[in-house]
Amino acid sequence: MDIKLTSKMILEKEFKKNFKGYNVEEVDSFLDEIIQDYESFEKVVAQLKEENRQLKEELENTPKRQPQPAVSAAGTTNFDILKRLSNLEKHVFGSKLYE
């Protein structure tokens, strides 16, 4: 993000006065509103930067998770279930499966 102005720069900006220039009070009032917005933006940006820093730090300090094998509540894996199914099919259907 390339920010060219700060609230202080806006506050300290002076314009040349001309015979057919703008109403000074209107310009000052508008610049006051812009300054308030910039101050709000600066606070939000600072808060977001701090939150971002904290989250990055938290992420760095969190141990990396290793993928866990699929395990059911009974402590069996998918391989165990397939093996049991195969044994059950052999028992129920016997040699008919291999004809």
Side-chain angles (χ1 to χ4, degrees):
M1 180 157 55
D2 190 23
I3 299 173
K4 294 180 173 52
L5 299 174
T6 65
S7 57
K8 183 178 179 188
M9 291 169 66
I10 295 168
L11 178 64
E12 294 175 352
K13 175 67 178 170
E14 291 194 25
F15 296 93
K16 295 177 184 175
K17 295 181 182 176
N18 196 348
F19 180 69
K20 293 184 179 182
Y22 294 105
N23 181 325
V24 176
E25 289 82 27
E26 285 182 24
V27 172
D28 285 344
S29 175
F30 186 69
L31 289 176
D32 288 343
E33 290 179 30
I34 293 172
I35 290 168
Q36 289 172 355
D37 281 351
Y38 263 73
E39 289 171 347
S40 297
F41 295 149
E42 289 169 352
K43 288 177 186 175
V44 169
V45 168
Q47 289 170 347
L48 292 173
K49 283 181 178 180
E50 177 60 22
E51 180 181 352
N52 192 23
R53 185 197 63 75
Q54 289 175 352
L55 290 172
K56 283 181 179 180
E57 184 178 300
E58 185 178 318
L59 183 62
E60 289 174 2
N61 294 332
T62 302
K64 305 286 186 248
R65 295 185 194 167
Q66 298 297 324
Q68 299 295 322
V71 177
S72 69
T76 58
T77 62
N78 288 339
F79 178 76
D80 293 332
I81 293 170
L82 291 173
K83 190 173 177 182
R84 288 180 182 180
L85 281 172
S86 176
N87 288 336
L88 181 62
E89 287 173 343
K90 285 179 190 175
H91 179 71
V92 171
F93 297 108
S95 61
K96 293 179 186 177
L97 286 175
Y98 303 104
E99 291 177 358

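Once rounded to the nearest 0.5 Å, the distance linking CG of Asp37 with CG of Asp32 reads 11.5 Å. The structure places CD of Glu42 at 9.0 Å from OH of Tyr38, a figure rounded to the nearest 0.5 Å. The CD1 atom of Ile81 sits 13.0 Å away from the CG atom of Leu88 when rounded to the nearest 0.5 Å. Put simply, OG on Ser29 and CD1 on Ile34 are 10.0 Å apart, with the number rounded to the nearest 0.5 Å. The CD atom of Glu57 lies 11.0 Å from the CG atom of Leu59; values are rounded to the nearest 0.5 Å. Asp28 CG to Glu33 CD: the interatomic distance, rounded to the nearest 0.5 Å, is 12.0 Å.
Cluster annotation: Leu11 is connected to Tyr22 through the hydrophobic network of ILVMFWY side chains, with a link wherever side-chain heavy atoms come within less than 4.5 Å. By the rule that hydrophobic residues join a cluster once side-chain heavy atoms approach within less than 4.5 Å of another member, Val27 and Ile10 end up as members of one cluster.
Listed by chain and residue number, nothing satisfies the salt bridge (Lys or Arg N to Asp or Glu O under 4.0 Å) test with Lys43 (two or more places apart in sequence, or in another chain). With sequence neighbours excluded, the residues that form a side-chain hydrogen bond (donor to acceptor under 3.5 Å, both in side chains) with Gln54 are Glu50.
Although no hydrogens or angles enter the test, the distance criterion places a donor-acceptor pair under 3.5 Å between the side chain of Thr62 and the main chain of Glu58. Not one N or O on the side chain of Ser86 forms a donor-acceptor pair closer than 3.5 Å with the backbone of Leu82. Side chain of Asn87 to main chain of Arg84: no donor-acceptor pair is present (N/O by atom type, distance under 3.5 Å, no hydrogens or angles).
Lys4 approaches Met9 most closely through the heavy-atom pair O-CE, 3.4 Å.
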